[in-house]
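Quick one: structure below, then a few questions.
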Amino acid sequence: MNKVFLLGRLTKDPEVRYTTTGKVVAQFTIAVDRPYTNAEGQKDADFFPIVIWGKSAETAGNSLKKGQRVLVEGRVQIRSYDAKDGTKRWITEVIADRFEFIERRDQWDNNRGTAPTAEGGAAPVAPVSGFGAPVPDDEKIPF
């Protein structure tokens, strides 16, 4: 089975283009933190190229921005081609079946991942999972 789930941040805005047959494709790269720190005590990241097709590609191009968190579901694909200098080159990429927003766009655009507080400052906002409204970190949950 070839299945991958990646949670990371976009390194730049998605690039959207149309093939000669009229199909839409979006490409972007996400940075995924490694679960441990390096010798200097900093977290390293891996950078994964993502390719997504169809309506999801249009949505990604219109909605995702550099630095935004996204969850990608897809498969790993390795392909090769012959370069102009005659050498064989290999490309490893994730072909996404779907993606999910981890942060709402209005929160990201207006507040850079924070929500205003009553005092006028900014408080972190819990990720949106698609069920109801986000719950601020300081609010008590009744169960």
Report yes if the side chains of Thr29 and Leu10 come closer than 4.5 Å at any heavy-atom pair, otherwise no.
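Not touching, per the 4.5 Å side-chain cut-off.
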Could you walk me through whether Asp97 and Arg75 pass the salt bridge (charged side-chain N to carboxylate O under 4.0 Å, His left out) test, one step at a time?
CA-CA 8 Å; Asp97 297 323; Arg75 62 183 170 82; 5.3 Å; no
Quick check: is Val70 connected to Leu6 through a chain of hydrophobic side chains (ILVMFWY, heavy atoms under 4.5 Å apart)?
yes
Euclidean distance, Tyr81 OH relative to Arg89 CZ, rounded to 0.5 Å
5.0 Å
Side chain to side chain contact (heavy atoms under 4.5 Å, CB included) between Ile102 and Leu7, worked out:
CA-CA 9 Å; Ile102 301 302; Leu7 175 64; 3.6 Å; yes
Smallest separation among heavy atoms of Ala60 and Ile52, with atom names:
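Result for this residue pair: CB-CG2, 4.5 Å.
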Go through it in stages, so that I can follow the logic: the residues are Arg17 and Val25, the test is side chain to side chain contact (heavy atoms under 4.5 Å, CB included), and I'd like the CA-CA distance, side-chain angles, deciding distance and then a yes or no.
CA-CA 6 Å; Arg17 63 182 174 83; Val25 59; 3.6 Å; yes
Side chains of Val24 and Glu58 in contact at under 4.5 Å (non-hydrogen atoms):
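Answer yes - side chains close enough.
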If you compare all heavy atoms of Gly61 against all heavy atoms of Pro14, which two are closest, and at what distance to 0.1 Å?
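For Gly61 versus Pro14, the nearest heavy atoms are CA-CB, 4.3 Å.
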Could you measure the distance from the CD atom of Glu93 to the CD atom of Gln77? Nearest 0.5 Å is fine.
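Taking CD in Glu93 and CD in Gln77, the distance rounds to 5.5 Å.
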Compare every heavy atom of Gln27 with every heavy atom of Val51, then report the nearest pair and how far apart it is.
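Closest approach of Val51 to Gln27, heavy atoms only: CG2-NE2, 3.8 Å.
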Intermediate values then yes/no, salt bridge (charged side-chain N to carboxylate O under 4.0 Å, His left out), Glu100 and Arg98:
CA-CA 7 Å; Glu100 289 190 24; Arg98 54 187 290 244; 2.5 Å; yes
Residue pair Trp53, Thr19: steps toward the side chain to side chain contact (heavy atoms under 4.5 Å, CB included) verdict
CA-CA 10 Å; Trp53 294 85; Thr19 66; 3.8 Å; yes
Non-hydrogen side-chain atoms of Glu15 and Phe28 separated by less than 4.5 Å
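No, their side chains stay 4.5 Å or more apart.
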Begin from the C-alpha positions of Arg79 and Trp90 and carry the test side chain to side chain contact (heavy atoms under 4.5 Å, CB included) through to its verdict.
CA-CA 6 Å; Arg79 59 186 170 90; Trp90 297 87; over 6 Å; no
Measure across Arg9 and Gly67 and return the closest heavy-atom pair with its distance rounded to 0.1 Å.
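Heavy atoms only, the tightest pair is NH1-O, 2.8 Å.
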Check whether any side-chain N or O of Gln68 sits under 3.5 Å from a backbone N or O of Lys65 as a donor-acceptor pair, and report yes or no.
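Yes.
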Just by modelled atom types, is the Lys55 backbone N or O under 3.5 Å from a matching donor or acceptor in the Thr59 side chain?
yes
Hydrophobic cluster membership, Ile91 vs Phe48, 4.5 Å side-chain cutoff
no
Answer yes or no: is there a side-chain heavy-atom contact under 4.5 Å between Leu64 and Asp13?
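Not touching, per the 4.5 Å side-chain cut-off.
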Side-chain heavy atoms of Ile30 within contact of Phe99, under 4.5 Å
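Result no, sub-4.5 Å side-chain heavy-atom pair not found.
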Tell me whether Ile50 shares a hydrophobic cluster with Val76, the cluster being built from Ile, Leu, Val, Met, Phe, Trp, Tyr side chains joined at under 4.5 Å.
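As far as the 4.5 Å side-chain criterion goes, Val76 and Ile50 are connected within one cluster.
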Check whether any side-chain heavy atom of Thr11 sits under 4.5 Å from a side-chain heavy atom of Phe47, and report yes or no.
yes
With a 3.5 Å distance limit and no angle check, can you tell me whether Asn38 reaches the backbone of Asp44 through a side-chain donor-acceptor pair?
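Checking the backbone N and O of Asp44 against the side chain of Asn38, no donor-acceptor pair under 3.5 Å is found.
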Using a cut-off of 6.0 Å, state whether more than 12 heavy atoms not belonging to Lys43 lie near its atom NZ.
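It does: Lys43 NZ has more than 12 such atoms within range.
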